[in-house]
Number of protein chains: 2
Amino acid sequence: MIMDDRKKRILQAIIDDYIDKAEPIGSRTIARKYELGLSSATIRNEMADLEEMGYLAQPHTSAGRVPSDKGYRLYVDKLMPQRSLNSDEIRELKSAVNTRVYELSQLLKQATAVLSNFTKYTTMAVTPRMRSSTIKTVQVVPVDPGKALVVVVNNAGIVRNALIKVSEHATSEMLGRISNLLNDRLSGLTFEQADTERIRILGREAGVSVDILQPILDGTADCIHQMEDHEMYVEGSTNILNHPEFKDMDKAKQFLSLLDEKTSICRAVYDSARPNGISVRIGSENDLSSIRDCSLVTVSYNVADTMVGTIGIIGPTRMEYGKVISSIRYMKRLVSEEIDRLLGNEPESM
Amino acid sequence: MIMDDRKKRILQAIIDDYIDKAEPIGSRTIARKYELGLSSATIRNEMADLEEMGYLAQPHTSAGRVPSDKGYRLYVDKLMPQRSLNSDEIRELKSAVNTRVYELSQLLKQATAVLSNFTKYTTMAVTPRMRSSTIKTVQVVPVDPGKALVVVVNNAGIVRNALIKVSEHATSEMLGRISNLLNDRLSGLTFEQADTERIRILGREAGVSVDILQPILDGTADCIHQMEDHEMYVEGSTNILNHPEFKDMDKAKQFLSLLDEKTSICRAVYDSARPNGISVRIGSENDLSSIRDCSLVTVSYNVADTMVGTIGIIGPTRMEYGKVISSIRYMKRLVSEEIDRLLGNEPESM
DNA sequence: TGTTAGCACTCTAAGTTGACGAGTGCTAAT
DNA sequence: ATTAGCACTCGTCAACTTAGAGTGCTAACA
């Protein structure tokens, strides 16, 4: 059987309607509402064909049709009415991210909140993988007699610190010397290169008593570890409850529990992301079995070229793909611009 | 009508049973299950009295009785079987917090997760109010030509930083001088004392060109602001879905939305906390109308004597008060000890 | 040959009914 | 003061009915 143009138009009408109404669509509805110049009987025949071809499914014998994952896939790839944001929507997205932020994590929190609010789906952002980032500065700052702060900055401008105890004998001058040494030796290295073992070996060369050096090295290693494990921000997790496909308590619970337990959804978002551009995973296309009746739209953003983070929107397969895709695309741009500003690659400062 | 001993025993039995079963309790159940030496008819009469006195309520004419908020109040204050944690439970709570943490926020996240997991209710922790904390160290660390990091540490060992741009002409030596100046002048001051205006005035005395000084002052002010707005950690928000009183979707949605929108629940947790000891707010005792059918148990912990943060557990009014109260009490102790360790008031280091 | 009207059939959702059981309040006996 | 007994109330549940939406098929039509 061939997928002719008329079938496509009918399929599009059905999916458009279903996305809006969330109820199985019958042939009469399509005949009445869409100006296809066809009677319900003809559409009925076409729908039977579309079902046979796997684009539609029937919940039960005497119900209307519902799009299948395959149907959505065709819809997203070919049929979907291309929409772009109008100026009001652009303003809405832009204004919320506009509040000056000083940190990547704040930026991502905001972006997530805005997107979730705009799309009414659950939105997530994961911080970039830092494995390939390099150390820019390591500093030891005296805080109190016997206490100091180790501060590590990487090339993405991410800062981590660790409060440590040092011997009371450590003078500010000694700390400064160690600080300079660490800075000299570690600056420019990737995290892998500067792994714990290496830091340890470096320590021996320093020629400072071990009870001063040790906590500093530990603190440095700790900062690096902190940077490596990425964080995830989730907003609008309860949005899902507004969609009828989750009116069943168990489904809703399952979904919410998944979000609570961040590791697996975090991995799903990562894995879904494509190097450049937008990824749409529909229903069974998802590896994670617990979101087999959801669609996950992701986009990746870059920090300082090498580090890649991801933003994702998750909702029922019956999702407003047009809106979601256009807004996540635009948000990628906003976030990228803002990151550039944060990292100081833009002329204007603050 | 007088609240004699027998009435109390019956009320206790009813509430014990209701907390367990979540269903209206009838007179026969009490007569059968509890060895009160009374027939169901007698208990029936007593129950009618207890209802008239406001300790019980009847969902509808021919149903059993359900505790009212007033009933729970008496139960918590006088009737409740006092329980303390057994050694297994203590071990469970302790072990999870035992993982070495380096930061207050991590500690709170863990404590929240453990309590939520242990009690099966939603658990929250809010970071301390920092208004009254004092500045310990202010440091400016050069990062790149034209970029620097302002680091502020307060007396609770909380660290905040801000990445700033400075004039390219700023030498490392100049930054150091400013750093020392800020450190000298601001160290020991409370945040109020070191407010933005003050920092600004201080700046003028410094005698450094304004395009170097300005961003540093801004960064410092930003760090202070960051410390002032507290964070909140929520765990086990979906636990509520396991309780039958939230089987109604709308109720569940309302509760979860409340948690999403953190400000009001954060305030509720703060307001509920009592200077020392545990606060239990039952149902209508809560100011926040959207949790009028929940109970909120809170405890406050101290950081460096002056700063007060709060941990809270929220669940249906039909809550296992004994378990919740004993575990939150113990958690307060664990958290306090760990904070002391973090702040270095204990001999052993890491 | 493609399209359409008509019709019998299927299936679900929603409403109705009646039996059942849990629980109460009252009364009279102990 | 306590209790047994009983009539009464009310909610739950399952069985049944009905209405409506939608289909597939067939036959007529352009």
Side-chain angles (χ1 to χ4, degrees), chain A residues 1-11 13-15 17-18 20-68 71 244-245 247-248, chain B residues 1-11 13-15 17-18 20-53 55-68 71 244-245 247-249:
Chain A
M1 201 167 318
I2 193 164
M3 186 68 182
D4 60 11
D5 210 56
R6 193 172 75 179
K7 281 198 176 50
K8 284 186 187 167
R9 277 208 307 280
I10 292 174
L11 182 59
I14 293 171
I15 300 188
D17 217 63
Y18 185 69
D20 188 38
K21 295 291 184 341
E23 272 162 20
I25 312 294
S27 52
R28 261 196 72 195
T29 315
I30 298 298
R32 224 185 313 121
K33 268 175 69 176
Y34 298 82
E35 320 250 310
L36 297 172
L38 296 169
S39 79
S40 68
T42 309
I43 291 174
R44 210 141 55 225
N45 289 330
E46 295 286 42
M47 281 167 91
D49 290 352
L50 285 167
E51 179 172 1
E52 200 183 326
M53 295 163 81
Y55 294 104
L56 294 177
Q58 210 171 6
H60 55 85
T61 324
S62 73
R65 300 306 207 291
V66 157
S68 69
E245 29 273 271
K247 73 171 197 302
D248 174 33
Chain B
M1 203 169 314
I2 192 163
M3 186 68 182
D4 61 11
D5 211 55
R6 192 173 75 178
K7 281 196 175 54
K8 284 186 186 167
R9 277 208 306 280
I10 292 174
L11 182 58
I14 293 171
I15 299 188
D17 217 64
Y18 185 68
D20 188 36
K21 295 291 185 339
E23 271 162 20
I25 312 295
S27 52
R28 260 196 74 195
T29 315
I30 298 299
R32 222 186 314 121
K33 267 175 68 176
Y34 298 82
E35 319 252 308
L36 298 173
L38 296 169
S39 78
S40 68
T42 311
I43 291 173
R44 210 141 54 228
N45 289 330
E46 294 286 40
M47 281 167 92
D49 290 352
L50 285 168
E51 179 171 1
E52 200 183 327
M53 294 163 82
Y55 293 105
L56 293 177
Q58 210 172 6
H60 53 83
T61 324
S62 74
R65 301 306 208 291
V66 157
S68 67
E245 29 273 272
K247 73 170 198 301
D248 174 33
M249 203 61 173

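Letters go in sequence order (proteins before strands), and every chain restarts at 1. All values reported here derive from a predicted model rather than from experimental measurement.
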B:D49, B:I14, B:V66 screened by side-chain contact (heavy atoms from CB on, under 4.5 Å) with B:L56, the one that passes
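Passing option: B:I14.
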Taking [atom1] from [X] and [atom2] from [N], how many angstroms apart are they, rounded to a whole number?
| X | N | atom1 | atom2 | value |
| --- | --- | --- | --- | --- |
| A:R6 | C:dG2 | CZ | P | 10 Å |
| B:I30 | C:dA22 | CD1 | C1' | 14 Å |
| B:D17 | C:dA22 | CG | P | 15 Å |
| B:K7 | D:dT2 | NZ | C1' | 14 Å |
| A:I10 | C:dG2 | CD1 | P | 15 Å |

For A:D5 and A:R9, what are the C-alpha separation, side-chain angles and deciding distance, and is it a salt bridge (charged side-chain N to carboxylate O under 4.0 Å, His left out)?
CA-CA 6 Å; A:D5 210 56; A:R9 277 208 307 280; 3.2 Å; yes
Is the backbone of B:A57 close enough, under 3.5 Å, to the side chain of B:S68 for a donor and an acceptor to pair up by distance?
no
Give a yes or no on whether the backbone of B:R65 and the side-chain of B:E51 come within a donor-acceptor separation of less than 3.5 Å.
no
Enumerate donor-acceptor pairs with a distance under 3.5 Å from any side-chain N or O in residues 20-27 of chain A to protein atoms, sequence neighbours excluded.
residue	atom	partner	partner atom	Å
A:S27	OG	A:R44	NH1	3.4

4.5 Å side-chain heavy-atom contact, A:L50 and A:M3
yes
Return no unless some side-chain N or O of B:T42 is found under 4.0 Å from OP1 or OP2 of D:dT3.
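Indeed, a polar side-chain atom of B:T42 lies that close.
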Does the pair A:L38 and A:I10 meet the rule for a side chain to side chain contact (heavy atoms under 4.5 Å, CB included), with working shown?
CA-CA 10 Å; A:L38 296 169; A:I10 292 174; 4.2 Å; yes
For a side chain to side chain contact (heavy atoms under 4.5 Å, CB included) check, start with the C-alpha distance between B:K7 and B:M53, then their side-chain angles and the critical distance, and finish with the verdict.
CA-CA 11 Å; B:K7 281 196 175 54; B:M53 294 163 82; 4.0 Å; yes
Mark up nucleotides 12-30 of chain D, 5' to 3', with B wherever a protein heavy atom is under 4.0 angstrom from a base atom, S wherever such an atom reaches only the sugar-phosphate, and - elsewhere.
---------BSBBB-----
Note the angle between the end axes of the helix from C:dT1-D:dA30 to C:dT30-D:dA1, five pairs defining each, rounded to 10 degrees.
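The end-segment axes of the helix from C:dT1-D:dA30 to C:dT30-D:dA1 are tilted 20° relative to each other.
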